[in-house]
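Below is one structure, written out as structure tokens; comments come after it.
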Amino acid sequence: MLKLIPYELLKVWRKRSFLILTGVLLLINIFMLWYATMPKEGEAPLSAYKALSSDLSVMEEEEKYSYIARMKENLDGVSTLSEILSLQARGDEMGASLANQLLAENPDMIEKYMQLYLNGGYLKYTDDLRTEKALIDEIYKEMTTVSGYDAYLAGIQNEAASLREISIFGSAAGNGFSRQNIEKSAGDHAGASSENICFSLSKGIRTALERPDTDLLMILSVFLFIGSLITEEKEKGLFYITRATKNGVVNCIGAKLTALFLHVMAVCLLLYGANFIFTEITVGLCNFTAQLQSVAVYLESSLSVTLFQHVLLSLFTKGMVLFCLGTALTAVSICTSKSFLPQLVGVGWLGVNWAVYTAVPAYSGLNAVKYLSFFGMMKTEQLYGGYMNLNIAGNAVSRLSLSLLTVFVCCVGGVLASLLLFCKGKNLELRKNYQISIFPFRPHVDLLRHEAYKILVTNKALIILTAFAILIGYRDLNKTFSPSVTEQYYAGVMASLQGGLTAEKEQLILTERARFEEAKSQIERIEQQHADGILNESTAEQMKLQWYGVLTFYPAFQRVEAQYAHVQATNGEFIYDTGYQYLFGFLDDSFIMDLLFLSLCVIFAFGNVMAMEEQKKSWYLLAATARGKRQIIEKKIAVCGAAAGVMVLLPWIFRFISISRAYPMGGLLSAVQNLPMYFTWGLKLPVLVFLILAAASQFIAVALAGAAVLLLSYKRKSYLQASFLSLLLLVVPLVLSVMGMDFAKWFSVYPIYSWMSF
């Protein structure tokens with residue numbers, strides 16, 4: 001059997017189609033990890049966590065605590081000061097009252113933090129106060145949790161000691177789950193200490209290890225491997241040969257199950273290894289030699305292991321749970337004569353497990369069913385990084401022990417079932433069956449309609465297009481924009497100035513300019529009085545506060561003045577431009593994500609368009625002449641082009657709706673040169689026409705991408721190969737660009753797609 005194991009393993013691994021699909025799974029895994037870790041509004045980027053982790057790694061434990069505590073104190077102070085200035089800037093009685101109240105509660109706020117606020121020295125890891133404060137608050141909370149580990153342990157022991165002193169629990173009625181749970185918890189945590197605690201950020205290890213999307217891809221890999229290992233051999237009738245002798249039966253299935261085990265472990269290491277490499281590059285990983293409880297989210301664990309040991313245990317357990325699934329699929333594949341039944345049973349079983357896991361509450365008396373389900377046991381970060389006892393018939397039983405026992409029993413059961421069914425020797429080949437299609441093919445006399453039906457309905461491209469349309473719409477329509485106070489001021493001024501320049505509008509600008517000049521002169525006067533000794537520092541800062549509030553809006557007014565100067569020089573018009581800056585990618589470059597989604601959509605929807613005739617050998621019927629073949633190809637291109645054109649328009653529509661909720665976008669018939677980012681644009685076009693031109697250029701970019709996909713489909717004559725090569729050609733450069741390798745975008749159609757934002 002030992003000689004058969006590498007044969008069974010390499011028999012599948014050496015297949016080009018299998019390697020391509022595994023490569024696609026790896027690329028999808030990296031893409032999903034990257035997309036999931038993109039910072040949302042107000043969240044710190046991954047580079048901020050990496051920089052902070054690097055700074056903390058060279059410090060002693062006490063230094064770490066004092067460093068983070070000092071940063072939190074400064075950020076809290078600056079945040080309060082910023083709030084005071086914003087309230088003062090409102091210019092109304094309520095704002096002034098609230099600002100004075102905050103000042104009364106924090107009398108030394110101006111003296112301590114004004115200089116820090118003005119020079120921006122509080123920003124070290126991010127670009128704005130809100131994000132920096134959120135980052136430091138998160139790390140401070142984690143650090144406080146880890147530093148309280150001894151107190152946490154003492155609390156567990158004290159609770160158990162107090163319980164023993166209560167006489168009522170000494171009776172038989174009190175010897176239930178609650179008491180057992182407390183006493184077992186105390187016993188499991190006995191002897192634990194903070195001796196090897198070395199605080200580490202949780203962001204890195206959680207980003208790499210807590211990946212349900214990676215688990216899903218590993219499940220797909222198991223389905224793929226079982227299909228190649230069992231189903232394909234049954235299709236070819238090879239089991240009649242491999243089962244020629246009694247020893248051949250046992251050795252054959254034993255080698256296949258061993259190969260399945262090795263495959264599962266290899267895929268687990270491959271996908272999660274990629275996660276850890278990505279995380280090390282972008283976020284930075286923790287000190288793996290430190291105790292598990294060094295990471296705040298794993299503080300409750302009773303295990304005395306290092307973080308590295310925790311990772312190994314987690315990956316091995318995930319592999320074993322997947323092996324359980326694999327043995328079950330193997331048993332079903334052996335006993336059935338239907339090729340689709342193993343996948344159907346597997347998906348159904350996973351669906352039931354998911355329903356149980358999501359439907360059963362954690363506090364329910366049936367929570368053992370929840371945590372012993374497939375998805376409950378795949379969450380190894382909770383299995384090894386947490387602590388829980390399950391209520392089994394009134395007894396406190398460790399979730400970890402019961403889960404491992406369940407995995408062992410399922411593995412043994414799956415292996416024995418596969419052995420017995422294979423030895424029994426029924427259904428050694430697949431029966432031919434007719435496929436049932438939800439959308440049966442209906443031929444058309446018109447060639448264009450005929451090809452459209454084949455591509456969109458028969459080839460399921462319509463489902464893929466719809467799915468990506470929903471994904472793009474969900475992403476864009478759920479994007480929230482929160483105009484700041486200064487932006488609201490700018491919007492209000494521009495609403496009054498919209499259109500051509502008039503005497504009234506010019507007077508409004510001059511009045512605002514005089515107000516800001518007055519604020520500057522007043523601050524200079526107060527500073528001079530302080531320098532002359534007329535005012536002390538505290539009084540001077542208090543007097544300057546209201547004028548600082550006025551100057552808060554000065555950067556926004558500078559944007560007004562820039563438009564005013566341009567209107568005077570060109571006889572143009574005022575346009576509120578913030579919404580257009582978002583729309584054209586100057587403030588929020590969503591073009592690269594849109595192109596990424598559109599590229600994936602084109603690949604998955606049209607990767608089989610040219611290959612479908614080759615796969616079914618139908619060119620001999622369809623292409624009696626060269627002209628006939630050319631017309632079919634032309635109609636295929638026309639259908640794909642029309643579908644791509646519709647998909648290109650969707651991001652513009654969704655973004656326009658989303659942006660216009662927060663930023664009015666008028667002046668569509670005004671010249672595009674009136675927008676500040678296009679002051680130097682040479683061709684005089686209305687904004688609406690420029691918008692159409694931008695959408696048309698994006699259609700050209702996506703059409704080029706689609707042409708590459710169709711060409712690869714035509715040349716390679718395989719959907720899998722065309723899709724894989726298209727991913728490498730169209731998607732990988734975009735992903736690399738987003739990951740920081742900016743040069744990679746020049747090797748894609750992105751410059752054509754987003755020229756209007758350069």
Does any N or O in the side chain of Arg661 come within less than 3.5 Å of the main-chain N or O of Leu477, such that one atom is a donor and the other an acceptor?
yes
Kindly confirm or rule out a cation-pi arrangement of Arg559 over Tyr490, judged by NZ or CZ under 6.0 Å from the six-membered ring centre and within 45° of its axis?
yes
Side-chain donor or acceptor of Ser754 paired with backbone N/O of Pro751 under 3.5 Å
no
Closest heavy-atom pair, Thr126 versus Pro45, reported as atoms and distance to 0.1 Å, is CG2-CD, 4.1 Å
Steps toward side chain to side chain contact (heavy atoms under 4.5 Å, CB included) verdict (Phe591, Gln698)
CA-CA 10 Å; Phe591 286 150; Gln698 290 192 348; 3.4 Å; yes
Using every non-hydrogen atom in the two residues, find where Gly706 and Val602 come nearest and quote the distance to one decimal.
CA-CG1, 3.5 Å
Verify the distance criterion only: is there a donor paired with an acceptor across the side chains of Thr570 and Gln673 at less than 3.5 Å?
no
Consider only side-chain N and O atoms of Asp476 and Ser590, and report whether a donor and an acceptor are under 3.5 Å apart.
no
With a 3.5 Å distance limit and no angle check, can you tell me whether Lys318 reaches the backbone of Met378 through a side-chain donor-acceptor pair?
yes
Any Phe374 side-chain heavy atom under 4.5 Å of Leu322 side chain:
yes
Distance (rounded to the nearest 0.5 Å) between Tyr582 OH and Ser660 OG:
13.5 Å
Distance check, rounded to the nearest 0.5 Å: Trp13 atom CH2 versus Leu262 atom CG?
7.0 Å
Tightest non-hydrogen contact, residues Thr279 and Ala208, listed as OG1-CB, 3.4 Å
Closest non-hydrogen contact found for Ser713 with Gly607 is OG-O, 2.9 Å
May I ask you to check whether over 12 heavy atoms, not counting those of Trp755, lie within 6.0 Å of atom CH2?
yes
Student check: side-chain heavy atoms of Asn674 and Val687 closer than 4.5 Å:
no
Residue pair Pro39 / Ala44: nearest heavy atoms and the distance that separates them:
CB-O, 3.7 Å
Should Val639 and Leu448 count as side-chain neighbours, where that means a heavy-atom distance under 4.5 Å?
yes
Worked check of side chain to side chain contact (heavy atoms under 4.5 Å, CB included) between Leu727 and Leu600
CA-CA 8 Å; Leu727 287 170; Leu600 290 171; 3.5 Å; yes
Under 3.5 Å: donor-acceptor pair, side chain of Glu451, backbone of Lys636
no
Any sub-3.5 Å donor-acceptor pair from Asn29's side-chain atoms to Leu25's backbone N or O?
no
Taking atom types as modelled, find out whether Asp577 and Tyr663 have a side-chain donor-acceptor pair closer than 3.5 angstrom.
no
Atom SG of Cys640 and atom CG of Leu710: how far apart are they, to the nearest 0.5 Å?
5.0 Å
So, the side chain of Tyr125 versus the backbone of Lys50: is there a donor-acceptor pair under 3.5 Å, distance only?
no
Please walk me through it: do Lys454 and Lys635 pass side chain to side chain contact (heavy atoms under 4.5 Å, CB included)?
CA-CA 11 Å; Lys454 281 171 57 182; Lys635 297 301 184 290; over 6 Å; no
Are the side chains of Asn608 and Ile455 in touch, meaning some heavy atoms are under 4.5 Å apart?
no
Hey, does the side chain of Ser658 reach the backbone of Phe654 with a donor-acceptor pair shorter than 3.5 angstrom?
no
For residues Ile633 and Tyr714, determine if any side-chain heavy atom of one lies less than 4.5 Å from a side-chain heavy atom of the other.
yes
Quick one: pull up CG in Leu471 and SG in Cys601 and give me the separation to the nearest 0.5 Å.
9.5 Å
Evaluate Tyr678 against Phe690 for ring pair (Phe, Tyr, Trp, His ring centres under 6.0 Å), listing each step before the verdict.
CA-CA 11 Å; Tyr678 298 124; Phe690 182 83; 4.8 Å; yes
Does Lys203 qualify as a cation-pi partner of Tyr49, given the criterion of NZ or CZ under 6.0 Å from the six-membered ring centre and within 45 degrees of its axis?
yes
Side chains of Leu315 and Leu209, heavy atoms from C-beta outward: is any pair under 4.5 Å?
yes
Distance from Thr22 atom OG1 to Leu220 atom CG, nearest 0.5 Å?
11.0 Å
I need the minimum non-hydrogen distance between Ala644 and Val702, along with the two atoms involved.
CB-CG1, 4.1 Å
Donor-acceptor check, side chain of Thr466 to backbone of Leu462, threshold 3.5 angstrom: yes or no?
yes
Apply side chain to side chain contact (heavy atoms under 4.5 Å, CB included) to the pair Tyr453 and Arg449, showing each step before the final yes or no.
CA-CA 6 Å; Tyr453 192 92; Arg449 290 180 59 201; over 6 Å; no
Does CG belonging to Asp128 count more than 12 external heavy atoms closer than 6.0 Å?
yes
Validation row: Leu26, Leu271 side chains within 4.5 angstrom (heavy atoms):
yes
Would you call Met756 and Ser697 a side-chain contact if the rule is heavy atoms closer than 4.5 Å?
yes
Measure the spacing between CD of Glu573 and NE2 of His566 and express it to the nearest 0.5 Å.
10.5 Å
